[in-house]
Amino acid sequence: MKRLAILTSGGDCSGMNAAIRAAARTAIANDVEMIGYRKGYAGLLKNDFIRLDSLAVSGVLQRGGTFLQSARCPEFRTEEGRRKALDNLLKEQVEGMIVIGGDGSLTGALALDKLGFPVIGIPGSIDNDIPYTDMSLGVDTALNNILYAVDCIKDTASSHDRAFIVEVMGRNSGYLASTAAIATGAEFAIIPETELDLTEMCHQLRRRYEEGRTNALIIMAEGAGHARDIAAGIKDAIGFETRVTVLGHYQRGGAPTVFDRLLGSRFGMKAVELLLSGTKGVMVGLAANALTTTLLEMVVNGGQKKLNADLLQMADILGI
Ligand SMILES: Nc1ncnc2c1ncn2[C@@H]1O[C@H](COP(=O)(O)OP(=O)(O)OP(=O)(O)O)[C@@H](O)[C@H]1O
Ligand SMILES: O=P(O)(O)OC[C@H]1O[C@](O)(CO)[C@@H](O)[C@@H]1O
Ligand SMILES: [Mg+2]
């Protein structure tokens with residue numbers, strides 16, 4: 001192989017730069033040129049790319065987001081759009097492509113694979129909703145962001161005898177909310193995977209209030225509804241004065257943690273090694289700290305990633 005390409009697609013996340021850098025440098029070490037398409041599939045459709053020599057990827061490891069930029073590209077969802085993408089790849093004599101992104105981006109990668117073009121997927125999404133990998137890029141950094149914010153909020157909660165409902169991202173997944181609840185010592189996690197018994201939650205919070213506890217924390221996944229609606233529903237029942245904080249896009253950015261730098265570097269290197277060895281149509285993943293490969297077909301059609309039942313039980317027990 002002489003020329004490979006890489007792009008980042010969907011919501012940006014920390015660790016994408018580490019993966020691009022590792023992929024570029026692994027290619028260079030094998031005398032292969034790497035190009036990077038700007039703004040995901042949108043750049044591929046416009047043939048907008050840069051050459052990723054060693055200098056082009058220096059100084060990016062410690063930066064959040066993606067220096068290649070990212071986008072959501074409706075045109076790539078069409079057959080015509082994907083044909084155009086394939087034409088551009090062939091015209092530029094690209095022989096293999098690495099797609100870093102979430103479940104949607106990997107669905108796009110599978111569609112490209114089905115057109116006969118060699119593709120490797122790298123899971124990158126703070127939502128951690130991609131099956132066949134314990135962790136996706138950006139999850140660990142996002143969790144650390146959430147922890148910092150919630151620890152700050154806890155100070156105000158305890159200074160003012162308040163309950164706080166903190167809404168976190170995750171789309172349809174409660175991973176960020178349930179994991180952050182354990183790590184911040186929150187009383188409750190409200191997640192889409194489990195039905196909320198509002199009366200029971202209010203009862204328990206009231207009991208805490210009457211026992212003399214001075215504050216309470218509830219972490220709520222965006223996929224489970226709106227924190228403001230829950231706050232309105234509990235305000236007269238629990239005793240505590242209640243406030244809402246929606247963390248929003250603050251969660252997605254920032255310097256990647258050690259975990260995300262390492263994971264991005266491992267994923268990026270492995271993706272190039274796979275392409276050079278003739279493997280295609282797979283996603284790299286992490287299981288029990290070892291790198292894995294899974295057919296994109298299985299990833300895309302694998303259904304919703306399940307939350308670890310032990311973690312959910314732990315969140316329940318420790319929150320009492
Ligand atoms: N079914 C599909 N077929 C082809 N391309 C798709 C498909 N679904 C998504 N894509 C492409 O992937 C892009 C990103 O998808 P999406 O917006 O779902 O984000 P994602 O990759 O899941 O990342 P995140 O959820 O972390 O933001 C879409 O804008 C589109 O270009
Ligand atoms: O950045 P946008 O397009 O507003 O998308 C926000 C969504 O993207 C994510 O940050 C990543 O999928 C979700 O958690 C969130 O719902
Ligand atoms: Mg997604």
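For ligands, and for the atoms within them, numbers begin at 1 and follow the listed sequence.
Looking only at distances, a side-chain donor or acceptor of Gln304 sits under 3.5 Å from a matching main-chain atom of Asn172.
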(message) Between Asp103 and Asp127, does the side-chain contact (heavy atoms from CB on, under 4.5 Å) criterion hold? Intermediate values first, please.
(response) CA-CA 10 Å; Asp103 53 346; Asp127 300 335; 6.0 Å; no

(request) Determine, stepwise, if the pair Arg162 / Thr242 fulfils side-chain hydrogen bond (donor to acceptor under 3.5 Å, both in side chains). (result) CA-CA 6 Å; Arg162 281 178 183 164; Thr242 305; over 6 Å; no

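Glu79 has a carboxylate O that lies under 4.0 Å from a charged side-chain N of Arg82, or vice versa, which qualifies the two as a salt bridge. In this structure, Glu33 pairs ionically with Arg51, as a charged nitrogen and a carboxylate oxygen lie closer than 4.0 Å. For Glu222 and Arg171, the salt-bridge test fails: no basic side-chain N is under 4.0 Å from an acidic carboxylate O.
For CD of Glu195, the number of neighbouring non-hydrogen atoms (other residues, nucleotides, ligands) closer than 6.0 Å is 12 at most.
Rounding to the nearest 0.5 angstrom, the gap separating the CG atom in Leu7 from the CD atom in Gln69 is 13.0 Å.
Linking ILVMFWY residues whenever their side-chain heavy atoms come closer than 4.5 Å, directly or via other members, leaves Ile182 and Leu312 in distinct clusters. Residues Val299 and Phe76 do not share a hydrophobic cluster, clusters being chains of Ile/Leu/Val/Met/Phe/Trp/Tyr side chains in contact below 4.5 Å.
Each salt bridge (charged side-chain N to carboxylate O under 4.0 Å, His left out) pair with one or both residues in residues 37-48, not counting sequence neighbours, appears once here: Arg38-Asp48.
Sorted by chain then number, the residues whose non-hydrogen atoms approach ligand 1 to under 4.0 Å are Ser9, Gly10, Gly11, Tyr41, Arg72, Cys73, Phe76, Arg77, Arg82, Gly102, Asp103, Gly104, Ser105, Thr107, Gly108, Ser125, Asp127, Arg171. Sorted by chain and number, the residues within 4.0 Å of ligand 2 by heavy atom are Arg72, Ile126, Asp127, Met169, Gly170, Arg171, Glu222, His249, Arg252.
Among Leu262, Asp140, Asn145, Leu263, the single residue meeting the side-chain contact (heavy atoms from CB on, under 4.5 Å) criterion with Thr257 is Asp140.
Only protein N, O or S atoms were scored, and 1 of them lie under 2.8 Å from the Mg ion (ligand 3).
When every heavy atom of Ser14 is checked against every heavy atom of Gly254, the shortest pair comes out as OG-O, 2.6 Å.
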